[in-house]
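Working notes, beginning with the structure itself.
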Amino acid sequence: MISLSLPSPAKLVPPLLPTSPSHQKPSSSQSLKNPSFEPLKDRLIRQANEGNIRQAISTLDRIAQLGLTPDLTSYSLLLKSCIRTRNFDLGKLVHIKLTDSRLELDSVALNSLISLYSKCGDWVTAKSIFEDMGEKKDLVSWSAMISCLTHSGMELEAIFTFFDMVQSGEYPNQFCFSAAIQACSNVDNAWIGIVIFGFVIKTGYFESDVCVGCALIDLFSKGFSDLNSAKKLFDKMPERNSVSWTLMITRYSQLGQPRTAIEMFLDMVFSGFTPDRFTFSSILSSCSGMGFLFLGKQLHCRVIKSRLSEDVCVGCSLVDMYAKCVVPGSLNDSRKVFDHMPDHNIMSWTAIINGYVQSGGKDGEALELYCKMIDEGRVLPNHFTFSSLLKACGNLSNPELGVQIEDSGFEVDAFTFASLLSGAASIGAGGKGEQIHSRLLKSGFQANQCVCNALVSMYSRCGNIEAAYQTFKELEDRNVVSWTSMITGYAKHGFAKRALEMFHQMLEAGMQPNEVTYIAVLSACSHVGMVDEGWKHFNSMSNEHGISPRMEHYGCMVDLLGRSGFLEKAVQFIYSMPFKADALVWRTLLGACRVHANTELGKHAAKMILEQDPNDPAAYILLSNLYASMGQWEDAVQIRKSMKERKLVKEAGCSWIETENGVHKFYVGDSKHPQAKEIYEELDRLALKIKEIGYVPDTDFVLHDVEEELKERYLFQHSEKIAVAFGLISTSRPKTIRIFKNLRVCGDCHTALKYISKATGREIVVRDSNRFHHIRDGACSCSDYW
DNA sequence: CTAGGGTTAG
């Protein structure tokens with residue numbers, strides 16, 4: 001019997017709480033008069049200016065620890081430095097400290113905060129700061145806000161804000177004008193841009209400011225696709241710099257005039273302007289378009305001389321240029337550039353893969369590179385990558401080309417296709433997986449067991465369990481992997497009954513289960529809370545099948561017991577294990593404590609996790625969520641703070657959805673999507689609709705201590721809701737909406753999605769980091785147990 | 001503290 005005598009909270013989680021300063025606090029007489037303040041302030045200024053933000057923040061803390069009050073200038077300086085060095089998380093930390101300091105903020109500090117949140121993409125916070133400014137609003141605040149709205153995809157609101165500014169009696173300067181003109185640089189609003197253009201001419205800012213000139217060039221090139229007018233403006237600009245030259249060159253290149261782009265580039269160089277990384281990326285792309293390998297090579301020399309060959313974008317353009325300027329040997333040059341690049345991203349991988357596909361007969365190498373990309377694991381494919389790969393698969397199913405692949409010495413085996421499918425599954429690209437499937441049918445691999453198992457798993461991981469079963473059914477030669485894939489699929493989708501039926505069929509068919517099969521069986525039980533059934537299988541796995549349970553199996557049982565509410569039994573079970581429980585097991589228990597709001601046990605679990613892994617972000621997050629859900633805001637904030645101090649970063653939550661034109665990914669409050677405006681309008685409509693039929697926002701899931709109304713607004717910016725709203729506006733009934741999330745789905749989102757399914761009559765399938773949810777007509781397959 | 005330019009496919 002384990003007794004749960006838990007030490008007091010303070011002793012339990014010592015590393016989480018900041019220790020009080022060991023030195024003596026000076027008494028309250030303080031601030032500028034104290035001789036020790038000035039040197040510390042000087043140090044802070046130096047550190048902030050040098051961009052050593054963390055050190056500067058420590059200095060700030062030290063000033064506060066000494067009982068002195070840092071002045072507003074110190075905070076403002078730190079904020080500016082965070083913005084300059086793009087240390088946005090630290091900037092938010094400074095914001096928290098600034099709020100705690102209770103100092104009265106001036107325009108400069110508030111404008112810095114607007115800029116900070118704007119650059120994080122968090123326009124809601126930026127806007128609420130802006131609106132609360134009252135009389136403190138100045139031209140900088142207006143400009144920052146207009147620009148923030150434009151970059152968040154709310155161009156029309158940005159334009160209205162500009163008009164509001166003029167109405168309020170402010171006279172716009174060059175910053176306001178360029179922000180407002182940028183808001184108009186699209187097809188919808190270009191005509192408003194013309195009105196503002198007239199205004200600009202009168203003020204003389206067109207003549208005096210290069211940035212206003214650049215904005216106007218984009219008004220004509222992007223808003224009207226009118227390069228002639230854009231070029232006329234460019235010619236009339238009294239002052240030019242390499243940015244305005246590059247802008248003109250890029251627009252020529254993008255709007256299908258690579259030859260003119262190249263001519264302008266030569267003009268630019270002859271006029272004495274130095275091309276930089278932006279110029280080179282654009283102009284190399286024009287060379288690819290024209291097939292100008294000779295010029296491309298000269299540019300490559302200049303890239304090296306300008307020390308720009310390490311830039312990822314320039315590298316991509318070079319890889320693409322050599323690959324597209326097809327002469328003997330140029331593909332090898334492309335590969336050489338690729339191999340020499342210090343960093344790769346999905347674009348550079350896609351550029352080289354596409355190079356092999358386009359050069360003809362090198363599809364095997366293309367697939368080989370793709371496998372390498374997946375193996376290295378740091379880069380996920382996108383729809384550009386799949387376009388190339390599908391073409392390669394198509395070529396491979398062509399018998400004539402098939403012969404040439406045997407020549408290259410690379411065997412396109414089942415493993416290659418399996419890895420192709422696994423890549424599609426990892427990003428939830430079921431549509432692409434399906435296309436690969438149809439290619440496979442043509443290429444003769446369809447009967448292969450390994451490929452079919454990959455197909456079963458791909459369909460299941462992409463949320464289409466019916467297609468997974470269909471593929472499984474058609475497979476005659478099933479092995480333990482085939483059965484286990486199918487059981488795992490049913491378990492993850494929450495269809496425990498079918499998973500167990502499948503398991504019995506497997507045993508009846510005389511198939512011997514393995515360790516992985518039992519993980520699937522036990523997790524099926526834990527996803528629906530079948531405690532007795534779970535025990536039965538846990539016991540029979542060693543007794544009847546001679547498989548000794550591993551840590552993962554114990555973990556499944558802890559999950560099963562914990563989430564069913566048998567928290568104490570779960571702890572007893574942990575201590576009865578034949579080996580010491582690892583951090584994952586304790587994390588599982590901590591998760592269960594959050595569900596059942598057991599703070600004491602939760603703290604114990606957190607302590608055990610941190611003993612083994614003192615820097616585990618998950619422990620901090622779970623504990624902080626646990627406190628937050630109990631309304632213990634101060635404790636929650638304290639944990640978040642110490643996380644930041646320990647430089648622990650939580651993975652940002654994001655959701656994505658696949659449509660015909662690719663995978664669309666969204667973060668919290670994301671507004672970078674080209675259709676952001678429509679998405680948020682849809683969200684507003686949905687919020688109204690579902691409230692009418694009984695939805696009540698569960699603001700417990702908002703992990704900040706803010707007003708209820710603001711909490712609701714935060715809730716409606718969760719990435720899963722955004723992805724669903726996008727799914728609703730870009731597909732139509734009766735298509736199932738399948739969305740994916742890298743973390744667990746939030747409780748309020750889960751509730752809201754159930755109402756949304758009822759209100760819209762659409763089925764929604766959610767894959768989170770843990771399992772699937774099939775949501776239809778107001779109910780979820782998980783029966784709200786997850 | 002506020003404004004400008006880039007690369008991968010079909």
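Letters A, B, ... are given to chains in the order of the sequence lines, protein chains preceding strands, and every chain is numbered from 1.
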Give me the ring orientation class for A:His664 and A:Phe726: parallel if the planes are under 30° apart, tilted from 30 to 60°, perpendicular past 60°.
tilted

Parallel, tilted or perpendicular for A:His95 and A:Tyr117, by the 30°/60° rule?
perpendicular

Heavy-atom side-chain proximity of [X] to [Y] below 4.5 angstrom:
X	Y	value
A:Ile114	A:Lys127	no
A:Tyr322	A:Arg335	no
A:Phe162	A:Ile196	yes

Between [atom2] on [N] and [atom1] on [X], what's the gap in Å once rounded to a whole number?
X	N	atom1	atom2	value
A:Phe278	B:dG5	CZ	P	8 Å
A:Arg277	B:dG6	CZ	P	14 Å
A:Asn173	B:dA3	CG	P	12 Å
A:Asp138	B:dC1	CG	P	13 Å
A:Arg335	B:dT8	CZ	C1'	17 Å
A:Leu78	B:dC1	CG	C1'	14 Å
A:Asp218	B:dG4	CG	C1'	8 Å
A:Tyr252	B:dG5	OH	P	18 Å

Counting distance alone, no hydrogens or angles: does the base of B:dG6 have a donor or acceptor under 3.5 Å from a partner atom on the side chain of A:Ser281?
yes

B:dT7 base / A:Ser317 side chain donor-acceptor hit below 3.5 Å
no

For [N], does OP1 or OP2 lie under 4.0 Å from any side-chain N or O of [X]?
X	N	value
A:Arg84	B:dC1	no
A:Ser388	B:dA9	no
A:Gln174	B:dG4	no
A:Lys119	B:dT2	yes
A:Asn354	B:dT8	no
A:Ser107	B:dC1	no
A:Gln254	B:dG5	no
A:His151	B:dG4	yes

Answer with base, sugar-phosphate or nothing: what part of the nucleic acid does A:Val314 contact at a heavy-atom distance below 4.0 Å?
base

Heavy atoms under 4.0 Å, any strand shown: does A:Thr279 hit a base, just sugar-phosphate, or nothing?
base

Where the side chain of [X] is defined as all heavy atoms beyond and including C-beta, which of [options] is the nearest nucleotide?
X	options	result
A:Lys80	B:dT8, B:dC1, B:dT7	B:dC1
A:Asp276	B:dG5, B:dT8, B:dG6	B:dG5
A:Gln182	B:dC1, B:dG5, B:dG4	B:dG4
A:Met347	B:dA9, B:dA3, B:dT7	B:dT7
A:Arg251	B:dT7, B:dG6, B:dT8	B:dG6
A:Cys313	B:dA3, B:dT7, B:dT8	B:dT7
A:Ser242	B:dG6, B:dG5, B:dT2	B:dG5
A:Ser115	B:dG6, B:dT2, B:dG4	B:dT2

Roughly how far, to the nearest 0.5 Å, is the CZ atom of A:Arg251 from the OG1 atom of A:Thr260?
15.0 Å

In Å and rounded to the nearest 0.5 Å, what is the CG to CG distance from A:Leu78 to A:Leu44?
5.0 Å

Could you tell me if the ring centre of A:Phe338 sits under 6.0 Å from that of A:Trp349?
yes

Under the criterion ring pair (Phe, Tyr, Trp, His ring centres under 6.0 Å), which of A:Phe270, A:Phe265, A:Phe278, A:Phe234 is the partner of A:Trp245?
A:Phe234

Output the residues of residues 197-210 of chain A in contact with DNA chain B, where contact means a heavy atom of the residue under 4.0 Å from an atom of the strand; sort by number or write none.
A:Asp209, A:Val210

Can you list, in residue-number order, the parts of residues 227-241 of chain A that come under 4.0 Å of DNA chain B, counting heavy atoms only?
A:Asn241

Within the distance-only criterion (no hydrogens, no angle test), does the side chain of A:Ser330 pair as donor or acceptor with the backbone N or O of A:Ala323 below 3.5 angstrom?
no

Regarding A:Lys372 and A:Glu365, does a basic nitrogen lie under 4.0 Å from an acidic carboxylate oxygen?
no

